[in-house]
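A quick write-up on the structure given underneath.
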Amino acid sequence: MQPRTLPRGRAAILRAVTGCRGRREEQALHCLVCKLGLASDVVLATALLVRYGRRGLLAPAQRLFDEMPRRDAVAFNAMLAALGASGRAADARRLFDRMPGPDRTPASWNTLLTCYCRVGDLASARAVFEASLRAATSSAVSWNAMVDGYCKAGRMDAARELFDRMGSSLRDVVTYNTMMAGYLRRGDPAAAIAMFRRLTQDEGQAPRPTAVTIATVVTACTQVGDFGFGRAVHLSTRQLLGTSTDAVLSNALMDMYFKCGSVDRALEVFSAMPSGAPNLFCWNTVIAGLGRNGRGEDAVRAFRDMVETSNKNNEVRPDSVTFVALLSACSHSGLVREGRELFAEMLPAHGVAPGAEHYGCMVDLLCRAGLLGEAVRLVRTMPVRPNAKVLGCLLLHARSSGDGVTASEWAARRIAELDGRDGAAYGLSNLYASLQRWDHVERHRSGLVTVAAASGKEPGRTSYDPHVR
DNA sequence: TTAGGGTTAG
């Protein structure tokens with residue numbers, strides 16, 4: 001970095017700090033701020049503090065705060081938030097108590113409230129909430145933070161009680177979104193959909209749904225399998241929100257369309273995104289979605305596309321999830337050679353170390369292709385401990401392959417050695433102990449599969465074309 | 001500076 005070529009003026013640096021991505025840039029900007037003698041600038045120091053705080057890097061955040069020549073309300077609140085992000089609720093409380101009166105803003109109360117929620121201390125959070133009501137510093141944000149605290153703790157009844165107490169004048173779109181997400185998290189997507197209907201059907205002063213609302217309700221539709229309603233929501237909100245530039249919403253829509261077999265509609269959503277907009281989640285959804293729809297070659301093509309894109313702007317790099325999606329896509333489509341190659345290039349080319357789940361995909365891939373011996377060799381040479389899923393997969397294939405008696409006994413012994421507290425291992429041990437019944441189940445299942453295959457529809461064959469854009 | 005959303009084998 002050459003200081004002479006860098007934009008002078010703190011406004012430009014401030015923009016760089018708030019807009020920077022990644023740890024190295026943060027540190028470089030921090031150095032620059034120090035070199036230019038701007039470390040005593042409260043606004044710049046606070047901006048840096050926020051970055052470190054969000055990343056959970058408490059030590060540099062604390063140092064910036066301690067070295068400030070004077071501290072305003074924003075600096076205090078940023079430090080509170082940094083402590084909260086690191087789960088240090090008690091330290092946040094001490095700082096809050098130390099704050100000079102005029103520096104305590106509504107944001108201070110709300111930040112402290114979320115600190116307690118994050119560490120699961122709902123009683124203290126509630127006490128702060130009640131105190132902020134008495135101090136008349138509360139707003140919809142305080143209520144929403146408290147509602148979310150109960151939602152995240154799984155206490156939907158308490159959340160609902162506050163929701164009802166808020167009344168329609170105080171409830172905003174975040175309140176609804178929070179409740180919907182809470183129901184989803186608890187595994188009650190129907191309740192999330194009911195909440196959405198209430199939001200859209202309530203007369204008069206109901207707030208307008210946002211991209212967050214739509215993303216949440218679409219996810220709920222995917223979970224209950226109500227693709228008709230999900231599609232209707234998508235169509236009816238398309239004008240409202242415009243062509244979505246929101247990565248999370250696009251991701252939820254693609255996931256829904258892939259899961260109901262509408263590959264073309266999913267890809268339509270993808271191509272409608274501006275170039276560079278799809279993030280890691282979106283790419284993973286596309287790769288997994290193509291894979292589960294029997295489009296292995298297209299999944300591999302999408303992966304290559306993703307890697308190329310990320311080399312250009314250095315933003316999207318495949319992660320562990322990408323390779324689970326990719327390898328299972330190869331497995332479903334019988335792409336043995338491609339699967340082997342991709343597995344081999346994981347660490348050297350992409351910096352992702354293969355984990356037990358990736359070995360599981362490879363075992364599945366090899367077994368489906370009838371390469372039982374290679375699958376066993378792979379598991380024997382695994383650098384990570386094979387888990388119950390890997391061994392269970394091997395066991396399943398070995399037993400049905402006829403010549404896999406040795407492999408199946410080997411896998412069964414490894415399963416028996418696994419920690420009995422591992423739920424899957426425990427289940428598999430029991431399963432192995434009742435092999436006669438298992439064989440019966442297998443026969444039953446293969447019968448069902450034949451019936452389904454005979455009546456099933458051939459999936460669409462439009463190819464994945466990334467250049468549609 | 002404070003509240004809400006998404007992907008993962010068998």
Side-chain angles (χ1 to χ4, degrees), chain A residues 43 46-47 49-50 53 72-82 84 103 105-115 117 132 137-149 151-152 172-182 184-185 192 210-220 222 246-256 258-259 278-289 291-292 319-332 355-365 367-368 387-397 424 428:
Chain A
V43 177
T46 303
L49 194 166
V50 168
D72 61 8
V74 181
F76 268 107
N77 293 344
M79 191 62 226
L80 279 178
D103 278 350
T105 63
S108 320
W109 291 86
N110 296 331
T111 307
L112 185 62
L113 200 165
T114 46
C115 286
C117 289
S132 79
T137 58
S138 71
S139 63
V141 177
S142 331
W143 287 80
N144 291 341
M146 196 65 237
V147 168
D148 189 47
C151 285
K152 294 223 166 93
D172 61 10
V173 71
V174 175
T175 320
Y176 284 89
N177 295 346
T178 306
M179 289 297 294
M180 287 167 63
L184 261 187
R185 208 177 292 117
T210 63
V212 176
T213 322
I214 309 305
T216 312
V217 75
V218 164
T219 305
T222 307
D246 188 301
V248 177
L249 173 54
S250 297
N251 194 45
L253 287 168
M254 288 191 292
D255 189 45
M256 175 181 78
F258 275 126
K259 281 183 178 155
N279 61 18
L280 181 59
F281 280 83
C282 298
W283 285 105
N284 287 352
T285 298
V286 167
I287 293 165
R292 73 153 47 87
D319 70 348
S320 166
V321 173
T322 315
F323 283 101
V324 169
L326 187 57
L327 295 175
S328 65
C330 291
S331 175
H332 290 313
E357 66 274 32
H358 304 109
Y359 279 93
C361 295
M362 286 309 290
V363 167
D364 187 54
L365 173 87
C367 286
R368 280 180 199 236
N387 61 21
K389 290 176 182 181
V390 172
L391 293 167
C393 179
L394 200 59
L395 178 61
L396 180 70
H397 283 287
L428 279 167

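Within every chain, numbering begins at 1; the chains are lettered A, B, ... in the order of the sequence lines, protein sequences first and strands thereafter. Values below: every heavy atom of this structure, side chains too, minus hydrogens, waters and symmetry copies.
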- [ ] Decide whether A:S108 and A:T111 meet the rule of one side-chain donor and one side-chain acceptor closer than 3.5 Å.
- [x] no
Task: Distance, rounded to the nearest Å, where A:M254 contributes CE and B:dG5 contributes P - done: 19 Å
Task: Under 4.0 angstrom between A:R368 side-chain N/O and B:dA9 OP1 or OP2 - done: no
Task: Among B:dA9, B:dG6, B:dT1, the one nearest A:N387 by side-chain distance - done: B:dA9
- [ ] Please state how far atom CG in A:D364 lies from atom C1' in B:dT8, giving the value in whole angstrom units.
- [x] 14 Å
Open item on the list: Does A:A81 reach a base, just sugar-phosphate, or nothing at all? Heavy atoms under 4.0 Å.
Closed with: nothing
Open item on the list: I need the CD1-P distance between A:I214 and B:dG6, as an integer number of Å.
Closed with: 14 Å
- [ ] Taking only the side-chain heavy atoms of A:T105 (C-beta and beyond), determine which of B:dT8, B:dG5, B:dT1 contains the nearest atom.
- [x] B:dT1
Open item on the list: In whole Å, I'd like the distance from the CG atom of A:L391 to the C1' atom of B:dA9.
Closed with: 14 Å
Open item on the list: Can you measure A:D255 atom CG to B:dG5 atom C1' for me and round it to whole angstrom units?
Closed with: 13 Å
Task: Of the listed nucleotides B:dA9, B:dT1, B:dG6, the one nearest the side chain of A:A78 - done: B:dT1
Open item on the list: We want to know whether A:N251 and A:T285 form a side-chain donor-acceptor pair, criterion being a heavy-atom distance below 3.5 angstrom.
Closed with: yes
Open item on the list: Measuring from the side chain of A:N251 (C-beta onward, heavy atoms only), which nucleotide among B:dG6, B:dT1, B:dG4 has the closest atom?
Closed with: B:dG6
Open item on the list: Check this for me: does the side-chain of A:D246 come within 3.5 Å of the base of B:dG5 through a donor and an acceptor?
Closed with: yes
Open item on the list: Once you apply a heavy-atom cut-off of 4.0 Å, does A:V50 come out as touching a base, just sugar-phosphate, or nothing?
Closed with: sugar-phosphate
Open item on the list: Between A:T216 and A:T219, do the side chains contain a donor N or O and an acceptor N or O under 3.5 Å apart?
Closed with: no
- [ ] In whole angstrom, give the distance that lies between atom CH2 of A:W283 and atom C1' of B:dT8.
- [x] 18 Å
TODO: Please determine, for the side chain of A:T178, which listed nucleotide (B:dG6, B:dT2, B:dG4) has the closest atom?
DONE: B:dG4
Task: OP1 or OP2 of B:dG6 under 4.0 Å from side-chain N/O of A:K259 - done: no
TODO: Identify, with sequence neighbours excluded, every residue that meets salt bridge (charged side-chain N to carboxylate O under 4.0 Å, His left out) alongside A:R292.
DONE: none
- [ ] Choose from B:dT1, B:dG4, B:dG6 the nucleotide whose nearest atom is closest to any side-chain atom of A:V248.
- [x] B:dG6
- [ ] Using a 4.0 Å heavy-atom cut-off across all strands, classify A:H332 as base, sugar-phosphate, or nothing.
- [x] sugar-phosphate
TODO: Looking only at side-chain atoms of A:V141, point me to the closest of B:dG6, B:dA3, B:dA9.
DONE: B:dA3
Open item on the list: At less than 4.0 Å, is any side-chain N or O atom of A:K152 found next to OP1 or OP2 of B:dA3? Yes or no.
Closed with: no
TODO: Looking only at side-chain atoms of A:V174, point me to the closest of B:dT2, B:dG4, B:dA9.
DONE: B:dG4
Task: Minimum-distance pair of heavy atoms, taken over all atoms of A:V324 and A:C361 - done: O-SG, 3.8 Å
Task: Pair of N/O donor and acceptor under 3.5 Å linking B:dG4 base with A:T210 side chain - done: yes
Task: Minimum-distance nucleotide (side-chain atoms of A:V173 versus B:dG6, B:dG4, B:dA3) - done: B:dG4
Task: Donor on one side chain, acceptor on other, A:D255 and A:T222, under 3.5 Å - done: no
Open item on the list: What is the distance, to the nearest angstrom, from the CG atom on A:L280 to the P atom on B:dT8?
Closed with: 12 Å
TODO: Would you kindly give the CZ-to-P distance between A:F281 and B:dG6, to the nearest whole Å?
DONE: 9 Å
Task: A:S138 and A:W109, any side-chain heavy atoms less than 4.5 Å apart - done: no
Open item on the list: Can you identify which nucleotide, out of B:dG5, B:dA3, B:dT7, has its nearest atom closest to the A:T114 side chain?
Closed with: B:dA3
Open item on the list: Determine whether a donor-acceptor pair (one donor, one acceptor, N or O, separation below 3.5 Å) exists between the side chain of A:N279 and the base of B:dG6.
Closed with: yes
- [ ] Using a heavy-atom cut-off of under 4.0 Å over every strand shown, decide if A:D72 touches base, sugar-phosphate, or nothing.
- [x] nothing
